[in-house]
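Heads up: the structure comes next, in structure tokens.
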Amino acid sequence: MQYEAPTTVDQAVALLKNSGNASKVLAGGTDLLVQLRSGMIEPELIVDIKKIPEVRSILKEDGKFRVGAVVTGAELGEHGDLKAAWPGVVEAAELIGSTQIQGRASLGGNLCNASPAADAVPALVAAGAICMIAGPNGRRELPVGAICTGPGQTSLSPGEFVVSFLFPIPKPRSGDAYLRFIPRTEMDIAVVGVGIHITLDAENVCVDARVAVGAVAPTVLLVEESAAALVGTMVDDASIDKMIAAVRDSCDPIDDKRGTVVYRTQVAGVLAGRVCRIALQRTRRHE
Amino acid sequence: MAIVTKRVSDEREAEEQNFNWVGTRAVRPDGVDKVTGRAKFGADLHLPNMLVGKMLRSPHAHARILSIDISSAEKLPGVKAIVTREDFSDLASEFVPAGEMMVNYRDITRNVMAREKVLYEGHALAAVAAVNAIVAREALALIQVDYEVLPHVLDVVEAMKPEAVLIQEDLLTDGADPPADKPSNIAKRVEFGHGDIETGFAKADVIVEREFNTRPVHQGYIEPHACVASVSEDGQAELWCSTQGHYVVRGHCARILGMDVAKLRVTASEIGGGFGGKTVVYLEPVALALSRKACQPVKMVMTREEVFKASGPASGANMRVKIGATRDGRITAGEAILHYQAGAFQGSPVPPGAQCAFAPYDLEHVRAVGFDVLVNRPKVAAYRAPGAPISEYAVESVVDEVAKKLNIDPIEFRLKNASREGTKASHGPKFGPIGLVETLEAAQAHDHYQSPLQPGQGRGVASGYWFNIGGQSSVTLNTSEDGTVALVVGTPDIGGSRASLGMMVAEELGVELDKVRPMIGDTSSLGYNFLTGGSRTTFATGKVAVDAARDLVSQLRERAAKIWDVPVGDILWHNGEALQKNGRGGPTETLSFRDLAESMGKTGGPLVGQASENVQGAAPSFGTHVVDVDVDRETGRVEILRYTVVQDAGKAIHPSYVEGQYQGGAVQGIGWALNEEYIYDSEGRLENAGFLDYRMPVCSDVPMIDTVIVEVPNPAHPYGVKGVGETPIVPPLAAISNAVANALGIRFSELPMSPPRVLAAIAAASSSK
């Protein structure tokens with residue numbers, strides 16, 4: 001097994017392109033190293049992208065945040081402006097692992113590991129974040145929700161990797177939130193995770209909503225019917241109940257060691273209601 | 001953190017006021033090494049030319065081994081030795097003690113290396129020693145095993161059915177009445193009790209009978225099993241391993257490998273937790289067999305997955321408990337029928353489970369029947385008060401329900417029926433000075449029990465009992481020429497015993513604690529020592545250490561008498577110095593320990609204090625726990641809000657470590673009650689062999705556990721010590737279940753009370769309304 005730590009995006013792309021499917025991108029390594037040690041994967045080449053400055057920085061472009069793919073949960077949590085703009089995304093990233101893991105685990109790694117239960121992904125999807133992807137044919141952009149195609153599977157072509165995430169400018173009366181359910185209080189994997197982003201107009205009517213649910217299907221679901229239940233309403237109890245019902249209708253989970261179909265479906269709705277109320281409160285946070 | 005002491009006599013009280021070390025919170029001697037990473041655990045030893053040993057394990061829950069072909073693996077460059085069943089002789093059925101449980105040599109030899117069949121996923125069936133881990137793994141992949149896969153059974157009730165697949169084809173139930181005439185998976189039937197339960201139930205105004213199911217749980221020690229073995233060409237052997245008892249390991253390994261016991265020297269490493277699970281052997285005989293074949297040292301270390309799949313859990317169980325009581329709150333009869341999983345080989349802790357079930361109660365009519373049942377899971381190993389948390393969970397749940405039916409406060413109800421000094425225990429003996437009533441009274445008076453609950457919250461109470469044991473210990477005190485002492489003991493230090501043993505010796509010698517260096521000697525340095533288990537070390541090794549110190553003091557007095565040329569009877573030992581009783585002349589007025597140590601070469605040679613004994617008189621410890629919970633009605637998640645442990649320690653030599661035992665037992669019990677379980681697929685393969693999905697509590701899951709140390713001294717120990725390490729895991733299961741019942745009005749009879757199970761019960765209860 002070969003280890004490389006390129007310092008530019010182009011070098012990384014060249015290494016990955018030449019090795020085809022026998023390579024793995026190393027970001028924080030909190031999933032990859034576990035998979036390596038347990039013998040789940042045996043790559044010939046590991047490309048450590050942490051030495052590339054672009055993937056480690058948080059920048060502002062025309063008022064929009066651009067967050068490098070290997071910025072860690074701890075760094076996100078300490079970035080006051082980003083936290084103020086996208087509290088749901090930051091709180092989701094900060095839930096991953098323990099304090100020690102937080103020093104390593106990254107948004108890009110959490111996304112590209114392609115676990116249906118990844119904590120950051122529902123929040124990123126709800127936020128409408130866009131991935132900047134580098135590859136042999138140059139750069140392209142893709143919404144976060146289009147990256148994962150199934151457990152452990154992504155739409156990235158050989159040689160491609162995620163460089164950064166671009167977040168829209170949050171509207172004045174908007175808010176996002178993320179909650180997950182785990183049997184413990186930390187150091188666990190989501191049985192269900194829900195990220196919601198809502199925007200109100202001056203009359204407190206919901207003009208935009210994005211409801212994303214994790215761990216209830218092979219990939220994170222963006223539930224259009226739930227969004228539709230909120231848009232045009234004052235986000236009152238009745239519309240939240242409709243939103244919850246639509247979340248439960250959309251769930252297509254499996255029975256496994258972390259939860260049953262019945263339990264996941266039920267709790268997805270419970271969390272959706274709780275997350276929606278937190279997001280709603282946050283729409284007023286700048287007032 | 002409070003200490004409530006009930007003193008046996010004024011004389012004791014006077015004595016206690018003069019203690020320099022006993023009862024203080026001294027700094028532990030092994031602390032710096034542990035926090036700096038210097039301490040050597042099982043996997044930390046490296047020897048020249050050391051090979052890496054790896055185990056091939058069964059992918060099947062139950063299969064006959066048709067053949068094992070190692071020929072290709074043997075040819076792989078870098079492979080130095082391979083062992084299979086061919087390298088281990090068969091042993092006859094013979095039971096020997098291992099902690100509080102028994103093990104059988106016929107079974108151990110099959111558990112460390114499968115013979116006719118593999119009996120659970122993860123069962124070892126070949127091992128390779130190679131120059132490195134990569135080669136060892138490649139060699140494992142080259143070993144060809146032909147299996148005839150057999151049906152398997154994991155559930156204890158299924159395993160008892162007549163049509164169940166037989167795990168041991170020739171097993172006849174021991175103790176069955178009438179005697180068993182055909183094989184089954186039921187290895188043993190035991191019965192304890194007295195009186196006539198039918199008479200007792202006839203007198204009852206209220207009878208509650210319930211069925212309970214609990215799941216196997218793992219001890220969850222943070223350090224995986226690990227060892228290094230080195231066997232020389234002439235058959236002399238060394239073994240370093242993480243164990244609760246290196247003498248016991250020595251005995252098992254010598255028997256399994258057909259060696260003279262004295263040819264094998266075993267050194268216990270620092271131990272990263274055992275909780276009973278490191279009282280048996282897994283890797284050690286295999287590493288020795290590999291080293292014997294390769295004539296090179298071999299290290300073996302389990303992965304976490306191997307720990308879960310192949311080392312001992314505690315039993316899962318199915319139980320039925322029936323209790324009757326009169327309207328005024330007196331229990332008239334109690335009955336428990338217990339079915340415990342043994343794993344693939346007989347020997348579940350159902351006998352102690354049956355003995356402990358009703359121990360907290362003074363009953364005229366009581367009966368506990370236990371069945372030891374084989375299933376296709378790893379052989380169970382001791383886990384903190386083996387067997388007791390399970391049976392007492394069922395009994396304490398029913399006790400709570402009876403008290404509720406009678407509208408009597410649960411502590412009041414227990415006080416009305418509590419075992420006291422002189423009570424004939426349900427398992428036979430008459431109790432000596434026990435502290436159950438004192439723990440109940442202290443719990444009742446505690447601020448926790450008196451504080452109000454918020455709406456929706458629930459409070460639960462349960463008591464618990466464990467026997468504790470004594471046993472063989474041998475201790476040596478080697479005096480250095482400057483008056484410092486090496487305290488050498490043979491019981492590995494799991495819970496701070498080097499500190500407490502050192503404190504007792506410093507107290508006896510009258511020296512500063514840092515002049516006594518406690519350490520764990522290897523098996524050749526001391527007489528036989530039974531293992532650290534049964535909460536025996538501070539009690540039994542502690543008593544022997546005190547005796548060794550008293551032996552040394554008597555020698556010191558003799559030396560002083562010789563120097564002063566006076567009868568030894570005229571010499572007193574006080575605060576680390578020899579004094580003359582009458583104050584009359586000698587060259588100096590006093591002779592300090594240091595003076596006597598410096599001159600020992602001239603006064604008779606080395607000063608060595610020694611004592612060896614099979615210590616009797618272990619006293620049981622009772623505890624009472626109080627816990628408050630809240631339940632998220634929408635997700636089924638139970639939160640522990642407040643937790644208080646009250647337990648009798650006899651005498652807390654080092655209160656901080658006693659409190660640590662109380663807190664640790666409570667936390668392990670919380671995991672057992674709420675989330676820990678093994679999840680198998682339909683083929684009998686474990687799906688959650690890791691700490692991510694086998695959910696032990698993390699720090700943030702539990703509140704600070706409050707503790708109250710009750711001290712009702714044990715007259716058989718010089719300072720009154722009772723073992724404290726195991727009782728704390730007994731009450732939590734029922735205490736939490738009782739608290740959940742109090743919060744929700746729903747009584748659970750199945751563990752763990754995991755969120756899906758709790759939410760389903762809430763849904764069922766609301767739909768039935």
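Note that this is a predicted model, so its numbers are computed, not measured. Every heavy atom of this structure was used, including side-chain atoms; hydrogens, water molecules and symmetry mates were not. Chain letters run A, B, ... following the sequence lines, proteins first, then strands; residues in each count from 1.
Taking 4.0 Å as the cut-off between side-chain N and carboxylate O, A:D249 and A:K242 do not count as a salt-bridged pair.
Heavy-atom distances place the side chain of B:N675, and not its backbone, under 4.5 Å from chain A. Proximity to chain B (any heavy atom under 4.5 Å) is shown, for A:R37, by neither the backbone nor the side chain. Looking at B:L692, both its backbone and its side chain come within 4.5 Å of chain A, counting heavy atoms on both sides. Contacts of B:D681 with chain A are absent, with no heavy-atom separation under 4.5 Å from either backbone or side chain. B:S754 does not touch chain A: none of its heavy atoms, backbone or side chain, sits under 4.5 Å away.
For the pair B:R685 (side chain) and B:P59 (backbone), a donor-acceptor distance under 3.5 Å is present. A distance-only check finds a donor-acceptor pair linking the side chain of B:E306 to the backbone of B:T303 [under 3.5 Å]. With hydrogens and angles ignored, the 3.5 Å screen pairs no side-chain donor or acceptor of A:E91 with any backbone N or O of A:A177. For B:E223 (side chain) and B:G42 (main-chain N/O), a donor-acceptor pair under 3.5 Å exists by modelled atom type.
Within 6.0 Å of CD on A:E44 lie no more than 12 heavy atoms contributed by other residues, nucleotides or ligands. The number of heavy atoms from other shown groups lying within 6.0 Å of CE (B:M302) is above 12. Atom CD of A:Q281 sits in a sparse spot, with 12 or fewer heavy atoms from other residues, nucleotides or ligands closer than 6.0 Å. By the 6.0 Å contact criterion, NZ on B:K309 is enclosed, its count of non-hydrogen atoms from other residues, nucleotides or ligands being greater than 12. For A:L33, the CG atom is densely surrounded, since the number of other residues' heavy atoms within 6.0 Å is greater than 12.
Across B:H152, B:Q341, B:E121, a single residue satisfies side chain to side chain contact (heavy atoms under 4.5 Å, CB included) together with B:R377, and that is B:Q341.
Heavy-atom pairs under 4.5 Å with chain A were tallied for B:R695, B:R137, B:R304, B:E639; the largest tally goes to B:R695. Between chain A and the residues B:I679, B:V698, B:T635, the most heavy-atom pairs under 4.5 angstrom are made by B:T635. Top candidate by heavy-atom pairs under 4.5 Å with chain A, chosen from B:E677, B:E305, B:M696, is B:M696.
Within residues 257-272 of chain A, the residues approaching chain B closer than 4.5 Å by heavy atoms are, in numerical order, A:K257, A:R258, A:Y263, A:Q266, A:V267, A:V270. Residues of residues 99-111 of chain A lying under 4.5 angstrom from chain B, judged on non-hydrogen atoms, do not exist here.
Ring geometry for B:Y678 versus B:Y694: interplanar angle over 60°, hence perpendicular rather than tilted (30 to 60°). Between B:H218 and B:F308, the ring-plane angle classifies as tilted under the 30° and 60° cut-offs.
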